Undergrad: 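Here it is: the structure, laid out below.
Keep in mind it's a predicted model, so treat the numbers as computed, not measured. Start at 1 with the first residue, then count along the sequence. Every heavy atom of this structure was used, including side-chain atoms; hydrogens, water molecules and symmetry mates were not.
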Amino acid sequence: MAAFEYTALTASGRQERGLIEGDTARQARGSLRDRGLMPLEVRQVQERSATQRSLLGRGGGNISTTELTLFTRQLATLVRSGLPLDEALTAVSQQSESKKVKRISLGVRAAVQEGSSMAQALNQFPNAFPPLFRATVEAGEQSGKLDLILERLAEYVERRQALQQKVLLAAFYPAILTVVAVGVVILLLTYVVPQVVGVYSDIDQELPGLTRGLIALSDFLRDYGPYLMVAGIIGAIVFGRMMRNLEFRRRVHRLQLRLPLIGRLTRGANTGRFTRTLGILFGSGVPILDAMRIGTQVVSNVPMRDAIELATTRVREGGGLARSLGDSKLFPPIAIHLMASGEASGRLDEMLDRAADNQEREVETLVAALMGLFEPILILAMGGIVLLIVLAILLPIFDLNQLVK
């Protein structure tokens with residue numbers, strides 16, 4: 001049976017949306033009437049068209065990383081235990097609390113029951129399942145090892161989500177601390193300082209240079225602060241639009257790679273994602289050229305993506321993977337050496353996984369070290385700024401005491 005999305009009216013006139021199964025849309029409408037509902041719209045579950053997605057926004061068929069992780073792990077566990085694929089998809093849809101996951105699970109199940117392979121069924125939902133996911137499932141079906149491939153996919157998605165969460169959690173506290181520190185400094189300069197230094201306006205004595213500078217900065221922020229905020233917002237919007245241009249984005253990403261710490265983080269994160277993806281695809285039986293083509297889609301840095309595309313061309317012409325990637329000088333040497341070792345020993349997929357593990361550990365360590373240094377540096381900087389403000393306020397008082405003596 002196929003799955004249908006419906007919009008119907010209840011007996012009280014309230015609109016209700018949901019999912020229902022049936023052989024045809026007509027049968028689904030009949031089932032709704034049997035339940036006391038008046039069907040307004042019934043349509044078979046499938047990926048929305050490009051026009052509909054553009055009208056509805058980016059959320060069309062997307063599911064979150066957490067939802068994809070849970071879907072993959074549940075499906076892998078059920079298929080691994082010997083449950084037929086359609087029953088496993090039914091169980092996943094019943095277990096999930098997300099309407100999107102329910103809709104997609106039933107849509108995939110309906111396509112499988114109609115005779116499509118799982119990969120073909122997943123292709124109906126390109127926004128929900130990335131190319132890596134679909135290509136790996138297709139390779140698993142062709143090799144007859146779908147259960148093993150799903151297990152490996154589940155581990156990949158869980159590992160990637162765990163890394164993202166670690167990075168976000170590590171950056172969350174410093175980000176909050178930065179916002180609070182900047183807010184406190186702005187509040188001091190725009191409200192507290194003018195109230196305090198106003199008492200010096202009637203003093204004929206010349207104020208110290210530090211105090212005059214603090215008053216000038218405070219006046220500037222009070223007069224032009226809103227304009228600076230608007231200019232910053234406009235600048236961010238303009239920069240975001242300019243980043244849509246491929247050539248401009250390429251220049252920005254090239255500069256990003258040259259920065260001392262940010263460049264190292266960018267190389268490590270992108271190399272880790274690429275080698276992990278390549279290892280899963282190649283280990284699942286996907287040809288190396290197809291695996292490299294799909295692997296470029298998980299690389300966000302444009303120069304590194306260009307280097308992979310050039311390496312793909314060289315591999316197609318008979319070159320080695322490690323040497324083709326190493327010529328760009330954009331990938332960490334240890335990853336290149338591990339690839340070369342894998343090519344020489346015939347264990348390329350294993351070495352790609354090792355390279356991915358190494359890069360992910362390095363990224364985690366580097367992020368933790370940066371966040372560990374950032375917090376005390378920010379606290380010291382905040383203390384220094386507050387100290388300067390206090391000194392600027394107190395220096396005229398010290399000068400008055402000297403005059404009295």
Undergrad: State, with a plain yes or no, whether a side-chain heavy atom of Asp357 is found less than 4.5 Å away from one of Arg276.
TA: yes

Undergrad: Testing the basics here: between Ser324 and Val315, what is the closest heavy-atom pair and its distance to 0.1 Å?
TA: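 Of all heavy-atom pairs spanning Ser324 and Val315, the closest is OG-CG2, 4.0 Å.
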
Undergrad: Without swapping roles, check the side chain of Ser345 against the backbone of Ser341 for a donor-acceptor pair under 3.5 Å.
TA: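 Checked: pair present.
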
Undergrad: Tell me, with the steps shown, if Lys102 and Glu97 meet salt bridge (Lys or Arg N to Asp or Glu O under 4.0 Å).
TA: CA-CA 8 Å; Lys102 287 180 180 291; Glu97 297 179 357; over 6 Å; no

Undergrad: With a 6.0 Å cut-off (strictly less than), is the heavy-atom count around CZ of Arg222, excluding the residue itself, greater than 12?
TA: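 Atom CZ in Arg222 is not packed in, count stays at 12 or less.
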
Undergrad: Looking at Ala128 and Ile104, what are the two nearest heavy atoms and their distance?
TA: CB-CD1, 3.5 Å

Undergrad: Any side-chain heavy atom of Phe71 within less than 4.5 Å of one from Ser96?
TA: no

Undergrad: For Leu391, does the CG atom sit with more than 12 other heavy atoms under 6.0 Å from it, leaving out its own atoms?
TA: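 Counting other residues, nucleotides and ligands, CG of Leu391 exceeds 12 neighbours.
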
Undergrad: Mind checking the CD-CE spacing from Glu138 to Met118? Nearest 0.5 Å is all I need.
TA: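 Glu138 CD to Met118 CE: 12.5 Å, rounded to 0.5 Å.
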
Undergrad: Check the surroundings of atom CD in Glu87: do more than 12 heavy atoms from other residues, nucleotides or ligands lie under 6.0 Å from it?
TA: yes

Undergrad: Would you indicate whether the side-chain heavy atoms of Thr271 and Met304 approach each other to under 4.5 Å?
TA: yes

Undergrad: For the backbone of Leu321 and the side chain of Glu343, can you confirm whether one donor and one acceptor N or O come within less than 3.5 Å of each other?
TA: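 At least one qualifying donor-acceptor pair exists.
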
Undergrad: Are Arg152 and Asp353 ion-paired here, with the side-chain N under 4.0 Å from a carboxylate O?
TA: yes

Undergrad: Below 4.5 Å, heavy atoms only, C-beta onward: do Phe129 and Leu68 meet side chain to side chain?
TA: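 When only atoms from C-beta onward are counted, Leu68 and Phe129 do touch, with a gap below 4.5 Å.
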
Undergrad: Could you check whether any side-chain heavy atom of Arg73 comes within less than 4.5 Å of a side-chain heavy atom of Glu151, counting everything from C-beta outward?
TA: yes

Undergrad: Does Phe248 have more than 12 heavy atoms from other residues, nucleotides or ligands lying within 6.0 Å of its CZ?
TA: yes

Undergrad: When you look at Leu281 and Met292, which way does the side chain to side chain contact (heavy atoms under 4.5 Å, CB included) test go after all the steps?
TA: CA-CA 9 Å; Leu281 291 170; Met292 293 180 69; over 6 Å; no

Undergrad: Hey, is Glu67 close enough to Lys100 for a salt bridge, meaning N to O under 4.0 Å?
TA: no

Undergrad: Taking 4.0 angstrom as the limit, do Glu350 and Arg354 come out as a salt bridge?
TA: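 Looking at Glu350 and Arg354, the cut-off is met.
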
Undergrad: Search all heavy atoms of Ser117 against all heavy atoms of Glu141 and return the closest pair with its distance.
TA: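 Heavy-atom minimum between the residues: CB-OE1, 3.5 Å.
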
Undergrad: Could you walk me through whether Phe331 and Ile308 satisfy the side chain to side chain contact (heavy atoms under 4.5 Å, CB included) test, starting with their C-alpha distance in whole Å, then the side-chain angles of each, then the deciding distance to 0.1 Å, before giving a yes or no?
TA: CA-CA 10 Å; Phe331 297 88; Ile308 294 172; 3.6 Å; yes

Undergrad: How long is the straight-line distance from CG of Asp147 back to CG of Leu78, given to the nearest 0.5 Å?
TA: 12.0 Å

Undergrad: For Arg293 and Thr312, test the side chains for any donor-to-acceptor distance below 3.5 angstrom and give the result as yes or no.
TA: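 On atom types as modelled, these side chains do not qualify, holding no pair under 3.5 Å.
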
Undergrad: Can you establish whether the number of heavy atoms outside Arg249 located under 6.0 Å from its atom CZ is more than 12?
TA: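 Yes - once you tally the heavy atoms of other residues, nucleotides and ligands closer than 6.0 Å, there are more than 12.
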
Undergrad: Between Ser300 and Arg273, do the side chains contain an N or O donor and an N or O acceptor separated by less than 3.5 Å?
TA: yes

Undergrad: Do Asp327 and Arg314 have side-chain heavy atoms sitting under 4.5 Å apart?
TA: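 Touching, per the 4.5 Å side-chain cut-off.
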
Undergrad: Is Asp86 salt-bridged to Arg109, going by a charged N under 4.0 Å from an acidic O?
TA: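 So Asp86 does not pair with Arg109 through a salt bridge.
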
Undergrad: So, taking the atom named CG in Leu278 and the one named CG in Leu348, what distance separates them when rounded to the nearest 0.5 Å?
TA: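 Spacing of CG (Leu278) from CG (Leu348) equals 6.5 Å.
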
Undergrad: Using the test side chain to side chain contact (heavy atoms under 4.5 Å, CB included), find all partners of Thr365 that sit at least two apart in sequence or belong to another chain.
TA: none

Undergrad: Taking atom CG of Leu366 and atom CZ of Arg361, what is their separation to the nearest 0.5 Å?
TA: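 Reported to 0.5 Å precision, the distance equals 14.5 Å.
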
Undergrad: As an exercise, state the distance from OG1 of Thr77 to CG of Leu83, rounded to the nearest 0.5 Å.
TA: 11.5 Å

Undergrad: For Ala392 and Leu214, which heavy atoms make the closest approach, and how far apart are they?
TA: CB-CD2, 3.4 Å

Undergrad: May I ask you to test the Asn301-Arg254 pair for a side-chain heavy-atom distance under 4.5 Å?
TA: no

Undergrad: I need the minimum non-hydrogen distance between Leu221 and Pro226, along with the two atoms involved.
TA: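 For Leu221 versus Pro226, the nearest heavy atoms are O-CD, 4.3 Å.
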
Undergrad: Side chains of Leu189 and Ile389: closer than 4.5 Å at any heavy-atom pair?
TA: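 When only atoms from C-beta onward are counted, Ile389 and Leu189 do touch, with a gap below 4.5 Å.
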
Undergrad: Could you check, using the six-membered ring where one of them is a Trp, whether Phe133 and Phe125 have ring centers closer than 6.0 angstrom?
TA: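 Between Phe125 and Phe133, which both carry aromatic rings, the centre distance is not below 6.0 Å.
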
Undergrad: CG of Leu228: more than 12 outside heavy atoms within 6.0 angstrom?
TA: yes

Undergrad: To the nearest 0.5 Å, tell me how far Leu153 CG sits from Ile149 CD1.
TA: 7.0 Å

Undergrad: Looking only at side-chain N and O atoms, does Thr66 offer a donor or acceptor that is under 3.5 Å from a partner on Gln161?
TA: yes

Undergrad: In sequence, state the C-alpha distance, the side-chain angles, and the governing distance for Val286 and Thr136, and then conclude on side chain to side chain contact (heavy atoms under 4.5 Å, CB included).
TA: CA-CA 7 Å; Val286 178; Thr136 308; 5.6 Å; no

Undergrad: Please step through side chain to side chain contact (heavy atoms under 4.5 Å, CB included) for the pair Gln124 and Val108, ending with a clear verdict.
TA: CA-CA 8 Å; Gln124 297 180 13; Val108 172; over 6 Å; no

Undergrad: Might you point out which heavy atoms bring Arg250 and Pro303 nearest each other, and give the distance in Å?
TA: O-CG, 3.9 Å

Undergrad: Would you check if the side chain of Gln113 reaches a backbone N or O of Ala110 as a donor-acceptor pair within less than 3.5 Å?
TA: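 It does not hold such a pair.
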
Undergrad: Does a side-chain N-to-carboxylate-O contact under 4.0 Å join Glu362 and Arg264?
TA: yes

